[in-house]
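Below is one structure; the comments refer to it alone.
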Amino acid sequence: MSAAGDKRPIVIRRKKVVHSHHGGSWKIALADFMTALMALFLVMWILSVASDEQRQGVADYFSTPLTSAVTGGDRSGSTSAIPGGGPDPVHSDGERARIDTREFSRPSEQQRRFFMDLQRRIQAAIEADPELRELRQQMRFDLTPEGLRIQLLDHELRPMFAIGSDRVEPYMRSLLRTIAPLLNDLPNYLSISGHTDSRPYAGGYRGYSNWELSSDRANASRRELVAGGLESDKLLRVSGFADRVMVPDTDPFDADNRRIELLVLLPEVAEYIRRPGILGGPGVPSPMSTRLESEVDLAPVEQFTESLRRTLNPEQ
């Protein structure tokens with residue numbers, strides 16, 4: 001055979017690769033991601049243009065959404081889905097007691113709207129007066145478990161009172177008399193409290209001190225409010241706290257601690273103040289008064305009385 005016949009043919013096998021279709025699952029994932037991203041930016045845009053009151057309302061709605069349905073729309077309850085709940089390690093009477101307690105310690109939605117409307121009208125009245133407009137930075141509004149708190153803060157350049165005195169400065173007098181008629185629009189009672197910083201008097205607390213000063217300034221504010229048109233029947237409490245209640249995160253000698261607080265009380269809080277024994281009845285009884293007469297053994301008392309009578313009158 002020839003040399004050419006000894007060569008074997010080379011066979012090259014090529015495997016045909018068929019690319020299968022991957023499906024559209026990645027498109028669904030991408031669409032979900034883009035939708036979530038769009039929703040995120042939409043929420044961020046809404047929050048950026050919303051007012052403080054609107055953001056607070058949204059926060060309150062999402063704080064306990066499940067309880068809103070359980071308690072018939074009241075958002076002040078707890079996060080438990082079961083109304084009864086059984087014993088609670090924090091509240092001895094269980095979940096129901098916690099809901100009932102919070103109903104009386106937080107303003108309802110209607111009360112919140114009334115308070116917010118009062119705040120807006122006070123701010124509008126101050127904004128409309130060029131002389132009072134500079135005092136906006138010395139006013140703070142916030143909702144507390146007791147009601148709407150209006151804080152009038154002192155300032156080194158614009159003090160509310162004369163130094164160490166209860167003499168009201170003219171702009172403070174004008175501010176109080178501007179607020180007074182607006183407080184009559186709500187049926188709520190009013191509480192006034194005075195506060196000072198920690199600078200003591202030379203005599204300390206033995207003579208005239210920050211206790212007297214804070215009380216005198218609270219009463220001076222009361223007189224200006226009444227002179228401005230506040231109904232005197234709306235006043236429920238006027239008190240002085242000296243330097244015992246500081247503004248959070250402030251130095252004890254900070255001017256912000258020299259302040260007057262006007263508190264528009266919730267009806268339940270006002271009732272607690274007017275009737276101190278409301279939680280336990282009309283008053284706190286003594287231990288002996290809670291026992292029935294039939295439960296008290298009077299025999300020892302009678303024996304002692306009889307023996308004493310015989311000693312004093314042996315002839316009988």
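Not measured: the values here are computed from a predicted model. Worth knowing before you read on, the calculation uses all heavy atoms, side chains too, and leaves out hydrogens, waters and symmetry mates.
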List the steps and the verdict of salt bridge (charged side-chain N to carboxylate O under 4.0 Å, His left out) for Arg136 and Glu134.
CA-CA 6 Å; Arg136 290 176 301 176; Glu134 298 180 356; over 6 Å; no
Spell out, yes or no, whether Trp26 and Leu37 are grouped together once hydrophobic residues are joined by side-chain heavy atoms under 4.5 Å, including indirect joins.
yes
All pairs passing side chain to side chain donor-acceptor pair (under 3.5 Å) where residues 159-177 contributes a residue, at least two apart:
Arg173-Glu224, Arg177-Glu224
Please answer: with hydrophobic residues joined when any side-chain heavy atoms are less than 4.5 Å apart, are Ile273 and Leu183 in the same cluster?
yes
Taking Asp117 first and then Arg113, would you say they form a salt bridge - that is, a charged N and a carboxylate O separated by under 4.0 Å?
no
With a 4.5 Å limit on heavy-atom distance, are the side chains of Leu236 and Ser191 in contact?
no
Atom pair CD/CD of Glu261 and Glu146 - distance to nearest 0.5 Å:
9.5 Å
Could you tell me whether the side chain of Ile122 reaches within less than 4.5 Å of the side chain of Met139, counting heavy atoms only?
yes
Once you round to the nearest 0.5 Å, how far does CE of Met160 lie from OG of Ser221?
7.0 Å
Side-chain heavy atoms of Ile150 within contact of Asp142, under 4.5 Å:
no
In Å, rounded to the nearest 0.5 Å, how long is the span from CG of Leu230 to CD1 of Ile179?
10.5 Å
Measure the CD1-CG distance between Ile260 and Leu153 for me, rounded to the nearest 0.5 Å.
10.5 Å
Charged N-O contact under 4.0 Å between Glu127 and Arg120:
no
Check: Ser215 main-chain N/O paired with Asn219 side-chain donor or acceptor under 3.5 Å
yes
Are more than 12 heavy atoms from other residues, nucleotides or ligands located less than 6.0 Å from atom CG of Asp249?
no
Residues at least two apart in sequence or cross-chain that pass side chain to side chain contact (heavy atoms under 4.5 Å, CB included) with Asn188, listed by chain then number, are Phe115, Leu186, Val264, Pro267
Quick one: do Lys234 and Glu231 make a salt bridge, cutoff under 4.0 Å?
no
Under a 4.5 Å side-chain heavy-atom rule over Ile, Leu, Val, Met, Phe, Trp and Tyr, are Leu225 and Leu132 clustered together?
yes
Can you name the nearest heavy-atom pair linking Gly228 to Pro181, along with the distance?
O-CG, 3.6 Å
Looking only at the side chains, is there a donor atom on one of Ser209 and Glu212 sitting less than 3.5 Å from an acceptor on the other?
yes
Smallest heavy-atom separation, Val247 atom then Asn257 atom, equals N-OD1, 2.8 Å
Between His195 and Ser193, is there a side-chain heavy-atom distance shorter than 4.5 Å?
yes
Do you know the tightest heavy-atom contact between Val168 and Ala220?
CG2-CB, 3.9 Å
Charged N to carboxylate O below 4.0 Å: is that the case for Asp243 and Arg199?
no
Above 12 or not: heavy atoms from other molecules or residues under 6.0 Å from CD of Gln123?
yes
If I take atom OH from residue Tyr205 and atom CG from residue Asn210, how far apart are they, to the nearest 0.5 angstrom?
5.0 Å
Nearest heavy-atom pair of Pro252 and Asp197: which atoms, and what distance?
O-CB, 3.3 Å
Is there a path of hydrophobic side-chain contacts, each under 4.5 Å between heavy atoms of I/L/V/M/F/W/Y residues, joining Phe41 to Met34?
yes
Work out which heavy atom in Ala242 is nearest to a heavy atom in Trp211; give both atom names and the distance.
CB-CD2, 3.6 Å
For Phe141, the option from Arg149, Met116, Gln119 that meets side-chain contact (heavy atoms from CB on, under 4.5 Å):
Gln119
Do Arg237 and Tyr189 come within less than 4.5 Å of each other through their side chains, counting heavy atoms only?
no
Could you tell me whether the side chain of Met172 reaches within less than 4.5 Å of the side chain of Leu152, counting heavy atoms only?
yes
Using a 4.5 Å cut-off on heavy atoms from C-beta on, say whether the side chain of Leu118 contacts that of Phe114.
no
Answer yes or no: is there a donor N or O on one side and an acceptor on the other, between the side chain of Tyr201 and the main chain of Arg206, under 3.5 Å?
no
Do the side chains of Ile126 and Arg133 get nearer than 4.5 Å, heavy atoms only?
no
Gln54 side-chain N/O to Ser51 backbone N/O, donor-acceptor pair under 3.5 Å:
yes
Answer yes or no: does atom CD1 of Ile163 have more than 12 heavy-atom neighbours from other residues, nucleotides or ligands under 6.0 Å?
no
Please test Arg140 against Asp256 for salt bridge (charged side-chain N to carboxylate O under 4.0 Å, His left out), starting from the C-alpha separation and ending with a verdict.
CA-CA 11 Å; Arg140 294 181 184 176; Asp256 287 349; 3.6 Å; yes
Which heavy atom in Gly194 sits nearest to a heavy atom in Ser214, and how many Å separate them?
O-CB, 3.4 Å
Distance check, rounded to the nearest 0.5 Å: Thr178 atom OG1 versus Leu176 atom CG?
8.5 Å
Are Met246 and Leu263 connected in a single hydrophobic cluster, I mean Ile/Leu/Val/Met/Phe/Trp/Tyr linked by side-chain heavy atoms less than 4.5 Å apart?
no
